Amino acid sequence: MKLWRGPLRAALALVLLPFLTPASAVEPISLGLAIAGAAASALTGFISYPRLYCYFRECCLQKHDRRAAAALQEDLDKKLFGQHLVSRVIVKAVKGFLNNSNAKKPLALSLHGWTGTGKNFVSKIVAESIYKRGLQSKYVHQFVATLHFPHAHSINLYKDQLQSWIRGNVSICPRSLFIFDEMDKMHAGLIDSIKPFLDYYEFLDGVSYQQAIFIFLSNAGAEKITEVALDFWRNGRTREDIQLSDIQNALSVSVFNNKNSGFWHSTLIDRNLIDYFVPFLPLEYKHVKMCIRVEIKSRGYAVDEDILTRIADEMTYFPREERIYSDKGCKTVDAKLDYYYDF
Ligand SMILES: Nc1ncnc2c1ncn2[C@@H]1O[C@H](COP(=O)(O)OP(=O)(O)OP(=O)(O)O)[C@@H](O)[C@H]1O
């Protein structure tokens, strides 16, 4: 209870002072001064205990980093389906980074995969593991290429804006999280403007970026990932046999050479500033069913197995002959539920 001693004692003095002193002995001025002093002392005591203060108000570096790493593992294990590589890489990368007080560069993760396979979902889980308010946190910043950087002719303006947004936000909070969605729709060259922030500099103009986290999301490379997954399937090997080394190099090369990737010939890849390329495997029928089940439960309804199967059957699957992978992943599951359940 050491934490409380300072502010508590001051607050107690504030309340008890008029009762402990004979009424006649307390002049209005000294009473006023005493009250002001006690209030100030209580306030400074309160503010000087960051943990307590941050319990009520959001702070940079809010969660204890070890707790954040444990929460991340737990959430991914519980909520993410069919992505053994993702869970493994994200937990290792984020945990290692959060626990390293001497990081030489910010953490940069590039998430790739088919639509609806969980890239945004995982970014949200990462954000929530670090900041209680997750994506709503003032230290988490999300950019969507088609929304924030729509015009090719404004690329120089976007480069300046992007740099000053990042510089400004990291100056306020070193443990800022930046999420770039739709990288495959970003104009080539734009993302290179943030290269200095991802590099191994201790300080740039007095600001250190070494505690920041950058996450890039993209559909680029999805074909490559599917190719590997299909190869395993056709050779009778399980999905869980796929190792990161079976995909990662081919993925980074394909993203680098893909004119529509936003990373086309990017110096971020060229200079090895992306720490991990994280492959999201296409989701199978059984994973779609798991998503539907979660969605039904989250709406507070009893699971009707017939409806669940019907919705999963309605989704479309590829390749045309084998029909193994959902072409929308788990996207649109919630919309289909609205049709079957009379909410
Ligand atoms: N692997 C998964 N495990 C559990 N739920 C998932 C998974 N993938 C997707 N979902 C569910 O589907 C929703 C949509 O997925 P999400 O937005 O993460 O897809 P995405 O990969 O970002 O797609 P896009 O490339 O189109 O942006 C999620 O909010 C989540 O509810």
Side-chain angles (χ1 to χ4, degrees), residues 72-91 109-129 134-136 140 142-149 177-186 214-226 229 239-240 242 247 251 254-255 258 260-263 276-301 303 308 311-312 314-318 324-338 341:
L72 177 63
Q73 171 103 58
E74 202 183 309
D75 264 8
L76 289 175
D77 289 349
K78 213 164 42 186
K79 299 179 184 166
L80 185 70
F81 308 135
Q83 301 294 3
H84 67 287
L85 293 174
V86 176
S87 301
R88 208 178 296 157
V89 179
I90 295 281
V91 168
L109 304 170
S110 193
L111 279 41
H112 297 266
W114 211 258
T115 184
T117 50
K119 299 179 297 297
N120 277 286
F121 190 52
V122 166
S123 320
K124 181 168 167 274
I125 292 176
V126 171
E128 285 166 356
S129 73
L135 295 178
Q136 311 272 334
V140 176
Q142 200 165 15
F143 302 98
V144 181
T146 50
L147 177 69
H148 295 106
F149 316 112
L177 170 59
F178 300 95
I179 301 169
F180 292 85
D181 195 9
E182 299 186 341
M183 278 302 297
D184 43 323
K185 296 181 185 76
M186 189 179 268
F214 292 81
I215 301 182
F216 305 97
L217 315 185
S218 163
N219 296 133
E223 292 82 4
K224 196 89 223 158
I225 298 168
T226 304
R239 176 185 181 91
E240 286 70 28
I242 303 173
I247 302 185
L251 180 59
S254 102
V255 169
N258 182 344
N260 299 318
S261 84
F263 278 126
Y276 292 93
F277 288 88
V278 188
F280 282 64
L281 300 175
L283 295 179
E284 299 176 8
Y285 181 80
K286 65 179 177 205
H287 305 124
V288 172
K289 279 184 115 177
M290 292 162 100
C291 289
I292 301 170
R293 192 178 296 280
V294 166
E295 189 62 31
I296 295 175
K297 285 185 178 167
S298 78
R299 297 190 189 194
Y301 281 79
V303 177
L308 195 150
I311 296 174
E314 265 183 25
M315 307 281 284
T316 42
Y317 297 86
F318 70 98
I324 314 164
Y325 304 120
S326 163
D327 62 3
K328 295 189 191 72
C330 277
K331 262 189 171 174
T332 74
V333 157
D334 49 345
K336 287 196 188 303
L337 271 189
D338 294 337
Y341 280 83

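All ligand and atom numbering here is 1-based and tracks the order in the structure. Here the structure is a predicted model, which is why all the values come from computation and not from measurement. Residues: numbered from 1 along the sequence shown.
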Closest approach of any protein heavy atom to atom 15 (O) of ligand 1, naming residue and atom: G116 CA, 4.0 Å
Nearest to atom 4 (C) of ligand 1, what protein heavy atom do you find, and at what distance? K79 O, 3.2 Å
Which of the atoms of ligand 1 are close to N219, meaning less than 4.0 Å from one of its heavy atoms? 25 (O)
Does ligand 1 have a heavy atom under 4.0 Å from the side chain of C330, from its backbone, from both, or from neither? both
Donor-acceptor pair, side chain of T117 and main chain of G113, under 3.5 angstrom: no
Heavy-atom nearest neighbour in the protein, as seen from atom 3 (N) of ligand 1, with distance rounded to 0.1 Å: F81 N, 2.9 Å
Between OG of S218 and CG of D181, what distance do you get to the nearest 0.5 Å? 9.0 Å
Protein heavy atom at shortest distance from atom 21 (O) of ligand 1: K119 NZ, 2.7 Å
Please check if atom NZ in K124 has more than 12 non-hydrogen atoms from other residues, nucleotides or ligands closer than 6.0 Å. no
Would you name the heavy atoms of L281 and A229 that are closest together and state the gap between them? CD2-CB, 4.4 Å
Using modelled atom types only, decide if a donor and an acceptor are shared between the side chain of H84 and the backbone of I242 within a distance under 3.5 Å. yes
Can you tell which part of V294 has a heavy atom less than 4.0 Å from ligand 1: side chain, backbone, both or neither? neither
Identity and distance of the protein heavy atom lying nearest atom 29 (O) of ligand 1: F121 CD1, 3.9 Å
Any side-chain to backbone donor/acceptor pair from W114 onto K328? Under 3.5 Å, distance only. no
Under 3.5 Å: N/O of G118 near N/O of ligand 1: yes
Under 4.0 angstrom from ligand 1, any heavy atom of C291? yes
List every atom of ligand 1 that sits less than 4.0 Å from any heavy atom of L80, numbering the atoms from 1 in the order shown and giving each element. 1 (N), 2 (C), 3 (N)
Tell me: protein heavy atom nearest atom 7 (C) of ligand 1, and distance? T117 O, 3.8 Å
Select one of side chain, backbone, both or neither to describe which atoms of L283 lie under 4.0 Å from any atom of ligand 1, heavy atoms only. side chain
With heavy-atom distances below 4.0 Å as the criterion, list the atoms of ligand 1 near Q83. 1 (N)
Just say parallel, tilted or perpendicular for the rings of H148 and F143, cut-offs at 30° and 60°. perpendicular
Should the pair Y285 and Y317 be assigned to parallel (<30°), tilted (30 to 60°) or perpendicular (>60°) ring geometry? tilted
Apply side chain to side chain contact (heavy atoms under 4.5 Å, CB included) to the pair M183 and V255, showing each step before the final yes or no. CA-CA 10 Å; M183 278 302 297; V255 169; over 6 Å; no
Can you report which non-hydrogen protein atom sits closest to atom 17 (O) of ligand 1, along with the distance? N120 CB, 3.6 Å
Counting only heavy atoms, which portion of M290 has something under 4.0 Å from ligand 1: side chain, backbone, both, or neither? neither
Indicate yes or no: does an N/O atom of D181 lie under 3.5 Å from an N/O atom of ligand 1? no
heavy-atom search around atom 14 (C) of ligand 1 in the protein gives K331 CG, 3.9 Å
Mind running side chain to side chain contact (heavy atoms under 4.5 Å, CB included) on S110 and Y276 for me, showing each step along the way? CA-CA 6 Å; S110 193; Y276 292 93; over 6 Å; no
Kindly give the heavy-atom pair with the smallest separation between E182 and A145, and that separation in Å. O-CB, 3.3 Å
